[in-house]
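We number each residue from 1, following the sequence as shown. Keep in mind that this is a model prediction, so the values were computed, not measured.
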Amino acid sequence: MGWHKATISPLITIPCDSCGTELTVSWKNYLHTVLPASLWFLIGYLLTEESSIEQYLVIGSSIVLMTLCQLLFLPLDATATDNS
């Protein structure tokens, strides 16, 4: 599964590599997982000068933090699929 997990959202499903079952995530779990990166982005954006190197670093680091949070902490749900 690897990096596919970083692209999943409640609107996007991904197939399991081993069995092909469609995997998804609930809105509640998704929002809880991306909350730290969202807060980091918001606070950093509001406290840094516009178009400064610090602001760009906050934006970049929030993308990295969001990706890591999704890869490490996002619980996935299996959805029923019709394989006939």
For [X] against [Y], the heavy-atom pair lying closest together:
X: Val25; Y: Pro75; result: CG2-O, 3.4 Å
X: Pro15; Y: Gly20; result: CB-O, 4.2 Å
X: Leu65; Y: Trp40; result: CD2-CB, 4.2 Å
X: Lys5; Y: Gln70; result: CE-O, 3.3 Å
X: Ile12; Y: Thr7; result: CD1-O, 3.9 Å

Original post:
Sequence neighbours excluded, which residues qualify as side-chain contact (heavy atoms from CB on, under 4.5 Å) partners of Ser18?
Top reply: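 With sequence neighbours excluded, Ser18 shows a side-chain contact (heavy atoms from CB on, under 4.5 Å) to Cys16, given in chain and number order.
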Subject >> For Tyr56, the rest of its hydrophobic cluster, which grows through side-chain links under 4.5 angstrom >> reply: none
Is there side-chain contact between [X] and [Y], with heavy atoms separated by less than 4.5 Å?
X: Gln55; Y: Glu50; answer: yes
X: Ser61; Y: Leu57; answer: no
X: Leu76; Y: Thr24; answer: no

**OP:** State the CG-CD1 distance between Asp77 and Ile8, to the nearest 0.5 angstrom.
**Re:**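 Those atoms lie 8.5 Å apart.
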Kindly list each side-chain donor-acceptor pair under 3.5 angstrom involving residues 30-37, sequence neighbours excluded, with atom names and distances?
from, atom 1, to, atom 2, distance (Å)
His32, ND1, Lys28, O, 2.9
Thr33, OG1, Asn29, O, 2.7

Original post:
Any chain of hydrophobic side-chain contacts (each under 4.5 Å) joining Met66 to Leu68?
Top reply: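 No, separate clusters.
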